[in-house]
Student: 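The structure follows.
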Amino acid sequence: MSKTILMLAAALLAAAVILGAFGAHALKAKLSDDLMQVYKTGVEYHFYHALGLLLIGVLAVQIPSTLINWSAICLTAGIVIFSGSLYVLAIIGIRWLGAITPIGGLSFIAGWVLLFLAVWKR
């Protein structure tokens, strides 16, 4: 599972760079300041948690654990739900997506709590 986590982290980090550059260059003139800030928040949390996923992949080699695997799953889900909903909200303007963004935030929290538990149980 650690190889899968590391490959996923690398892909998500590449995507974060691409989406950040897309926002800075292609969207800057098209989005209002408020929506640009929403987009930037999505990119920021995407980066943080993809880096966290990279760390979890490295830890999965050292501490093989179902909790570590679930931590990775939760961070990935958080990136898709939290950042993804912010990207869509900013670009397309579907406001109701803001209602699901907190689910992604809860996924991030769950991922970090599961990592804590995995290390604590060791």
Side-chain angles (χ1 to χ4, degrees):
M1 182 73 164
S2 59
K3 181 178 178 180
T4 301
I5 295 169
L6 290 168
M7 291 180 353
L8 182 59
L12 287 169
L13 284 163
V17 173
I18 292 165
L19 289 165
F22 176 71
H25 299 289
L27 297 178
K28 190 173 185 178
K30 295 183 185 342
L31 296 181
S32 68
D33 288 341
D34 288 345
L35 288 177
M36 192 62 185
Q37 188 56 47
V38 167
Y39 188 87
K40 285 181 179 180
T41 299
V43 172
E44 186 177 341
Y45 276 76
H46 184 151
F47 261 118
Y48 292 153
H49 291 87
L51 286 170
L53 190 61
L54 185 65
L55 170 69
I56 289 168
V58 171
L59 287 173
V61 174
Q62 303 298 317
I63 311 170
S65 161
T66 302
L67 291 171
I68 292 273
N69 296 342
W70 277 105
S71 175
I73 291 166
C74 286
L75 287 191
T76 302
I79 291 169
V80 170
I81 298 167
F82 184 90
S83 295
S85 66
L86 293 181
Y87 296 146
V88 172
L89 189 149
I91 296 169
I92 299 175
I94 301 174
R95 296 273 181 208
W96 65 264
L97 280 174
I100 69 163
T101 304
I103 296 168
L106 289 173
S107 294
F108 288 148
I109 293 166
W112 293 118
V113 169
L114 288 167
L115 177 61
F116 173 87
L117 292 172
V119 173
W120 181 56
K121 284 182 71 172
R122 186 167 193 270

Student: Please identify each residue that fulfils side-chain contact (heavy atoms from CB on, under 4.5 Å) with Val119, with sequence neighbours left out.
Tutor: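 For Val119 the side-chain contact (heavy atoms from CB on, under 4.5 Å) partners, ignoring immediate neighbours, are Ile63, Leu115.
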Student: Honestly curious: do Met7 and Ile5 fall in one hydrophobic cluster under the side-chain, below-4.5 Å linking rule?
Tutor: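 Different clusters.
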Student: To check you understand the geometry: which heavy-atom pair defines the closest contact between Arg122 and Gln62, and what is its length?
Tutor: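 Smallest interatomic distance, heavy atoms only, reads NH2-O, 3.8 Å.
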Student: Using residues 86-97 as the side-chain source, report each donor-acceptor pair under 3.5 Å to any protein atom, sequence neighbours left out, with the distance given to one decimal.
Tutor:
{"residue": "Tyr87", "atom": "OH", "partner": "Gly42", "partner atom": "O", "Å": "3.3"}
{"residue": "Tyr87", "atom": "OH", "partner": "His46", "partner atom": "ND1", "Å": "2.9"}

Student: Can a donor-acceptor pair be found, under 3.5 Å and without considering hydrogens, that links the side chain of Ser71 to the backbone of Leu67?
Tutor: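 Checking the backbone N and O of Leu67 against the side chain of Ser71, no donor-acceptor pair under 3.5 Å is found.
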Student: Please name the pair of heavy atoms, one in Ile81 and one in Ile100, separated by the smallest distance, quoted to 0.1 Å.
Tutor: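 Shortest heavy-atom contact: CG2-O, 3.5 Å.
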Student: Count I, L, V, M, F, W, Y as connected when their side-chain heavy atoms are under 4.5 Å apart, and connections chain through other members. Are Ile109 and Leu117 then in the same cluster?
Tutor: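 Yes; Leu117 is reachable from Ile109 via cluster members.
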Student: Can you see which heavy atom on Gly52 is nearest to which on Leu75, and at what distance?
Tutor: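 Result for this residue pair: C-CD1, 4.0 Å.
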Student: Just wondering, more than 12 heavy atoms not from Trp112 lying within 6.0 Å of its CH2?
Tutor: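 Atom CH2 in Trp112 is crowded, with more than 12 foreign heavy atoms closer than 6.0 Å.
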Student: Report yes or no: do Ile103 and Phe108 belong to one cluster of Ile/Leu/Val/Met/Phe/Trp/Tyr joined by side chain heavy-atom distances under 4.5 Å?
Tutor: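 Per the 4.5 Å side-chain linkage, Ile103 and Phe108 are co-clustered.
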Student: Taking the inter-plane angle between the rings of Tyr45 and Phe82 on a 0 to 90° scale, is it parallel (under 30°), tilted (30 to 60°) or perpendicular (over 60°)?
Tutor: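 Tilted: the ring planes of Tyr45 and Phe82 meet at 30° to 60°.
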Student: If you look only at distance, which donor and acceptor atoms sit under 3.5 Å apart when one is on a side chain in residues 8-31 and the other is two or more places apart or in another chain?
Tutor:
none

Student: Can you give me the closest heavy-atom contact between Gly57 and Ser2, atom names plus distance?
Tutor: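 Closest pair (atom of Gly57, atom of Ser2, distance): O-CB, 3.7 Å.
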Student: Is Met1 linked to Ile79 within one hydrophobic cluster, defined over Ile, Leu, Val, Met, Phe, Trp and Tyr using a side-chain heavy-atom separation of less than 4.5 Å?
Tutor: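 Yes; tracing contacts between hydrophobic side chains, which count when under 4.5 Å, links both residues.
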Student: Is it true that Val43 and Leu54 fall in one hydrophobic cluster, defined by side-chain heavy atoms closer than 4.5 Å?
Tutor: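 Hydrophobic grouping puts Val43 with Leu54.
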Student: If I compare all heavy atoms of Leu6 with all of Val58, which pair ends up nearest, and what's the gap?
Tutor: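 The answer is CD2-N, 3.7 Å.
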